[in-house]
Amino acid sequence: MSVRLHLVSNLADGVLAAGGEPLRLSWKVAAGPGASRQDAYEIHASRSPSFDDLLATTGVVEADRQILVTPPGEPLASREVRFYRARIRTAEGWSDWSEPLAVEAGLLRPSDWVGSAITLPHDAGAREQSPVILLRKTFSLPAEPVRARLHVTSYGVHRVRLNGKPVSENLLDPGWTSYRRRLLAITHDVTSLLRKGENVLAAMLGDGWYRGRLGGNPKGRCWYGDQLALLAQLEVELADGQTMTVPTDDTWRVGTGEVRRADLYDGCHVDLRHRQPGWDAPGFDDSTWQRPLLVHLDTATIEPQIASPVRPIQTFPLDLAQTKRPRPGLLRVDAGQNVAGFVRLTVEGTAGQTVTVRHAEVLEPDGSLHLRSLRTAKATDTYVLADDHPTVLEPVFTFHGFRYAEVETDATVHAVEVVAISSALTPRSEFSCSDPTVTRLHENVRWSQRDNFVAVPTDCPQRDERLGWTGDAQAFASTACTLFDSRAFWSSWLRDLALDQEPDGGVASVVPNYGRTGVKAYGRAGWADAATIVPWAVYESYADADLLRRQLPSMVAWVGYLEARRRRDDLLGGEEQYGDWLDPDAPSDRPSLAKVDADFLANAFFAHSAQLVARTAHVLGETDLAARHAALGDEVAAATWQKWADHIPTTQTGCAVAICFDIAPADQRQAVGDALARLVREGDGRIATGFLGTPLVLPALTATGHVDEAYLMLLRRETPSWLYQVEQGATTVWERWDAIRPDGTIHDGRMARADGRTGTMLSFNHYAYGAVMDWIYRTVAGIAPAAPGYAEARLEPRPVVGISWARAAVETPYGRLAVRWSVGGDASFEAEYDIPYGVRATFVPPATTGSSVLVDGEPSAAEPTTLSHGHHQVQVTRARLARPRGTSARH
Ligand code: BGC
């Protein structure tokens, strides 16, 4: 029988060592179309890939469970390597065993760290941006190395090199966490970089989020501490059976080199005249370098990293012949894509010559860089050349949000490339359709996710902000889960959300909430609710119940916070809210003054959060907790409806929230949906929602049978709309619907501030409005999880006049779920599906009363049909097509 298993663990791509989360195993099964379902499974654990010495087994487990299965045996100990294999039984008998899967643990106990954290003595970095710290250690291996692991973490960001070579492509390790409570250690396999004899372990240490700028005040540095520190531990097994450990300690040497300043917002200054050639390799004379200062670093806060590290993800080489030169010595670079990243140059000049690189997302109408929206972020990299050799220049420990850059220099520029960076998540889905603008919108949202998933989910990658705004995160969470394998990324960030939660349950507006003093706002509706909304979105997409279990106390505490703030009428009210932020009808300098009542939103989100706690508790078998929160949610919803029933139908956001959060009683739901559809028709599909309403408006229309109106909004091309910005040339999703006006002018971004002064708020790379992608997968492509992790999938494409074909795929935990559909001129609908083994898929044909339906060539009722794993073809004549512009519209 041909049933093959591919066994995987829940370790994210780019993460070597387990231990940051409970280990779970999943298998994707390749099976012939006739194969029956899985009746049982068995997993073996062993210390060797041959499984000669069985360490543990699950025994035969009679279950069809295939994902996130608890492996047999005790959890791995520090450094332990264990092998797993799995097999399944179907009606035809047992499959072969899968290939062995090796899993290795990192350092799990505080006492595993034997060295001391070290830094540069008398480092001026506490007071001002200062040179990046260089650290090195020479050591000798008495025999050939057979296996070597480097475990490393730091206060500040680090890059490690061994014998002159980088140990990884990671750029901003250890990422950004709630450092005082949780510091991530990264484990690298460095076996191939070591050799018998002399070796050098070297590292660079920069400010990053720990000590660099965060927030709008240029003086706002050192939020977590004023001393950087590196804690590293190299563990080597030698051919002669010995082991050797090289930890950071006072025998290292420290100094500085060419990188004179490196700040995430402001950029990097490199003076090559300070270069220390060979500093990271054997043979370098470090006698003038200093002995390090030992720094206290609490090893109890260290955990293995969970999520994929930040790395280069794509390079855009530029054709210099096509690059504009507005004047001699000035080069204007266009990457063609708005990215988070940096410019890499090859230049040739003379000693002392300078090179300056400035970055911007868009150009002013006169062709110059639009810099105003960067606010105080300098976003500038500068270099001073040391000699007349061709030199490759690129910044370290910084990144910029940009599509355009200006390179100013008298040196000769030989090559330019733009390097995009991101937390290197694995893409999880694909989408395209006959309307290139919608396809490009999908691409833009993917880029906004990449550009803003840089260690934490940020609002934007360019200005003096780049913070983990919770409201943006909750709006985008479902879409993020579909576009990239975001499970571990969210899991890591949610840990910090919980750690940064106040004792009263209050959730910060930004996570990590740097220093607890950065952004002081707690408990804002639709922002703090990330505490409940994000875990649930992750669960729906990946079925990770461990994550729910871990977050449950945080979720309960958040709802408890809200409960405690209810007033005499049992409702929340009168607190400052961001509201339906950036409603296009709000005064553009006061984005919180949306049409929809902010107190209504506060209570609606309260009811929703309570229901999400109830659902979570239900999944986890906490019946009492579930019942209590369901009752609370119902009660708040009823009181909210009672107070705002008349207000709700007056705004798109009011209706969408009332429908999606079950604020409208069941018998009023359709009426609210109809009111929403009316508003949308009256506005000719004009978007009238901000950050909180936008993710919900199309789902609310669809849920109440108004697919035509949903498409009217999606396919609208005038501002405000999703496609307007695409047609304006956007390559990412804008923060404001009208960031560039139809006449080509750039929005002034002006903001009224409490102190009477004006500020600016304008970004061309905010993913919140990209939340529409979740609807596009569910409705245009027609792929939706009907049970967590797509164990059940609902395949319900809603073809529309104006889109003649669509293709999409989602890499579910079970394997690839793919669709391609097309509609012919006579409204004949055809689709092909690939359904992975283990997924129960229900196809809902887009049928009218006169339709006939064929499934794999066999006539079928025009009703929901179950499709088993494998390839399927369906045909529907006289298909039901959405008609956003009424019946007169042509296909
Ligand atoms: C951020 C937003 C955020 C908002 C909260 C802005 O400055 O960029 O995306 O959610 O503040 O009001």
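One is the number of the first residue; the rest follow in order along the sequence. Just the heavy atoms: all of them, side chains too, but no hydrogens, waters or symmetry mates, feed the values below. Counting starts at 1 for both ligands and their atoms, following the listed order.
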Check ion pair D748-R750 (N to O, under 4.0 angstrom): yes
Salt-bridge criterion met for R487 and D544 (N-O under 4.0 Å): yes
R446 side chain to S429 side chain, donor-acceptor N/O pair below 3.5 angstrom: no
Protein contact to atom 9 (O) of ligand 1 [nearest heavy atom, distance to 0.1 Å]: D472 OD2, 2.5 Å
Heavy-atom nearest neighbour in the protein, as seen from atom 6 (C) of ligand 1, with distance rounded to 0.1 Å: E465 OE2, 3.5 Å
Contact (N/O only, under 3.5 Å) between R375 and ligand 1: no
W469 N/O to ligand 1 N/O under 3.5 Å: no
Numbered atoms and elements of ligand 1 in range of R463, under 4.0 angstrom, heavy atoms: 1 (C), 6 (C), 7 (O), 8 (O)
Contact check: W527 vs ligand 1, nitrogen or oxygen atoms, below 3.5 angstrom: yes
F691 ring center within less than 6.0 Å of Y769 ring center: yes
Main-chain N/O of T532 paired to S609 side chain as donor or acceptor, under 3.5 Å: no
Cationic N near anionic O, under 4.0 Å, E465 to R375: yes
R466 and ligand 1 - part of the residue with a heavy-atom distance under 4.0 Å: neither
Shortest protein heavy-atom distance from atom 1 (C) of ligand 1, along with the residue and atom involved: D459 OD2, 3.4 Å
Any E735 heavy atom less than 4.0 Å from ligand 1: yes
Under-4.0 Å salt bridge between K595 and D585: yes
Parallel, tilted or perpendicular: ring planes of W176 versus Y514, cut at 30 and 60 degrees: tilted
Sub-4.0 Å atoms of ligand 1 with respect to non-hydrogen atoms of F691: 9 (O)
Protein heavy atom at shortest distance from atom 12 (O) of ligand 1: Y578 CD2, 3.1 Å
